[in-house]
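No experiment lies behind these values; they were computed from the predicted model shown.
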Amino acid sequence: MNSRLKQFLYRLFTVCIVIGLMGCSKGEPNDNAARADRAVKQPATTEAVEKSSEQDALIHKFKTVVSTAKEASDIVSFLNENLNKAGQNNADQMVRELYAFYAKDLSTSQEAFFGDNVQNVLTEMDWPITSANAASITDEAVRQLVVTKLSGGYKLVWVEGTIYPIVDYSNQQKYSMYLSKPLNSYIALKAAESDEPAAMDAGLVISWNELASRAVMAETFLKQYADSPEYTEVESIYLDTYLRMYINGLSNTPIFDSNHLKIIPEVKASYKKVAAENPDTVTGIMANRFLEILAKSDDVGMMRGPAGTQLLPEVKKFQKNYRQTALNLLKEA
């Protein structure tokens with residue numbers, strides 16, 4: 001073998017070795033990177049599994065609390081301590097379990113306030129009765145009753161000389177950061193009513209504009225959260241409470257002046273306001289249609305006859321059919 005051939009083979013051999021070494025050096029970092037990537041992903045996966053396991057254990061414990069609860073305070077106490085660890089879906093379900101307990105317990109809790117001496121003791125207290133002054137109730141049995149109900153998320157109301165508990169939905173707003181938007185919206189709607197009822201003793205307590213705002217609030221919920229478990233309840237609140245009162249008035253808060261037979265100016269102003277500010281809502285459309293009917297009779301909605309004061313036929317028809325009309329508009333939205 002001549003010297004040139006030997007030199008060529010030597011160089012070729014050297015190049016092969018270099019290339020091999022380069023391949024090894026490139027492969028090692030890739031392997032290291034893969035191992036590092038696995039090392040990063042593994043703890044995250046483990047953490048997720050552990051978190052899920054912890055939440056499952058929490059829900060299991062919560063179900064035990066609910067099944068054995070004698071008072072709403074048992075459930076509320078658990079929620080206060082653990083809701084931040086539940087995760088949004090679980091938190092929603094846990095709060096709904098509290099509402100289910102209220103649905104079964106409310107009448108029993110209210111009946112307890114008609115027991116011996118309860119009303120006599122409470123009507124002597126400074127109003128409102130809250131957790132701040134409940135401890136000063138001298139009668140031990142009454143004090144224990146009040147403290148237990150207040151710590152369970154109830155509040156006391158005084159209606160027509162009688163004191164009894166209702167659910168204080170504002171109390172659940174402290175959970176807002178843990179709950180879904182639909183449930184938070186539902187709680188806000190219910191809180192507005194528990195904080196200040198729209199009507200009492202067949203009369204409107206809030207203004208006509210506030211009633212319109214609550215109607216729009218309920219309607220907005222229906223449009224945004226059609227799949228919510230609370231949909232049917234909110235639909236009834238909207239159609240059978242807020243919109244009914246807004247279109248038909250109440251026995252002690254009518255929409256027509258019995259002397260002049262015309263729509264009361266405050267009511268008309270509210271109709272015009274909601275129709276102008278919320279023209280695409282069912283509430284706004286209904287108000288506008290009512291105004292159009294009344295415009296044909298110069299705002300007169302009633303007439304006097306042998307049987308006394310009665311609604312004009314077209315007004316009576318509109319009010320009678322308001323629910324179905326509104327329901328059709330909701331379906332079209």
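Residues Tyr175 and Asn80 bring a donor and an acceptor atom of their side chains to less than 3.5 Å of each other. Side-chain N/O atoms of Tyr99 and Gln172 include a donor and acceptor closer than 3.5 Å. A donor-acceptor contact closer than 3.5 angstrom links the side chains of Ser109 and Asp105. Under the 3.5 Å distance criterion, with hydrogens and angles disregarded, a donor-acceptor pair is assigned to the side chains of Asn328 and Gln324. Donor-acceptor pairing under 3.5 Å is lacking for the side chains of Gln88 and Ser180.
A heavy-atom distance below 4.5 Å is not found between the side chains of Pro182 and Glu230. Counting heavy atoms from C-beta on, the side chains of Phe256 and Ile264 never come closer than 4.5 Å. Contact check for Val300 versus Leu294: no side-chain heavy atoms found under the 4.5 Å cut-off. The shortest side-chain heavy-atom distance between Val118 and Asp139 does not fall under the 4.5 Å cut-off. In this structure the side chain of Asp195 reaches within 4.5 angstrom of the side chain of Lys155, judged on heavy atoms.
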Inset, instruction - Please assess Ser258 against Thr309 for the test side chain to side chain contact (heavy atoms under 4.5 Å, CB included), listing each intermediate value before the final yes or no. - result: CA-CA 8 Å; Ser258 57; Thr309 304; 5.7 Å; no
Inset, instruction - Give the intermediate values and the outcome of side chain to side chain donor-acceptor pair (under 3.5 Å) for residues Thr148 and Gln144. - result: CA-CA 6 Å; Thr148 299; Gln144 185 61 44; 3.0 Å; yes
Inset, instruction - Quick one: do Ile255 and Asn248 satisfy side chain to side chain contact (heavy atoms under 4.5 Å, CB included)? Show the steps, please. - result: CA-CA 7 Å; Ile255 64 174; Asn248 290 348; over 6 Å; no
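For Pro197 against Met200, the heavy-atom pair with the smallest separation is CB-CG, 4.2 Å. Of all heavy-atom pairs spanning Ala69 and Ile75, the tightest one is CB-CG1, 3.9 Å.
Using the six-membered ring where Trp is involved, Phe221 and Tyr186 have ring planes that are tilted, between 30° and 60° apart. Between Tyr246 and Tyr271, the ring planes lie perpendicular to each other; the angle is over 60°, past the 30° to 60° tilted range. Using cut-offs of 30° and 60° on the angle between ring planes, the pair Tyr164 and Phe114 is parallel.
Grouping the Ile, Leu, Val, Met, Phe, Trp and Tyr side chains by contacts below 4.5 angstrom, directly or via other members, places Val147 apart from Leu122. In this structure, Val282 is a member of the same hydrophobic cluster as Ile293, with clusters built from ILVMFWY side-chain heavy atoms closer than 4.5 Å. Clustering ILVMFWY residues whenever any of their side-chain heavy atoms sit less than 4.5 angstrom apart, transitively, puts Leu79 in a cluster other than the one holding Leu150. If you chain together hydrophobic residues whose side chains sit under 4.5 Å apart, Tyr154 and Val121 never meet in one group. Taking hydrophobic clusters as Ile, Leu, Val, Met, Phe, Trp and Tyr residues chained together by side-chain heavy-atom distances below 4.5 Å, Tyr225 shares a cluster with Tyr169.
Electrostatic pairing of Glu233 and Lys190 counts as a salt bridge here, judged by a charged N lying under 4.0 Å from a carboxylate O. Salt bridge status for Lys296 with Glu314: absent, with no side-chain N to carboxylate O gap under 4.0 Å.
The environment of Asp126 atom CG is sparse: at most 12 non-hydrogen atoms of other residues, nucleotides or ligands sit within 6.0 angstrom. Summarising the local packing, CG of Asp116 is surrounded by 12 or fewer heavy atoms from other residues, nucleotides or ligands at distances under 6.0 Å.
For the atom pair CD (Glu210) and OG (Ser270), the distance works out to 10.5 Å, reported to the nearest 0.5 Å. Of the inter-residue distances, the one linking Ser170 atom OG with Gln173 atom CD reads 4.5 Å to the nearest 0.5 angstrom. Within the model, atoms OG1 of Thr138 and CE of Met125 stand 8.5 Å from one another, a figure rounded to the nearest 0.5 Å. Interatomic distance, Tyr238 OH to Met217 CE, rounded to the nearest 0.5 Å: 14.0 Å. The line from OG of Ser213 to CH2 of Trp208 is 13.5 Å long, rounded to the nearest 0.5 Å. Taking CG of Leu156 as the reference point, atom NZ of Lys149 lies at 11.0 Å (rounded to 0.5 Å).
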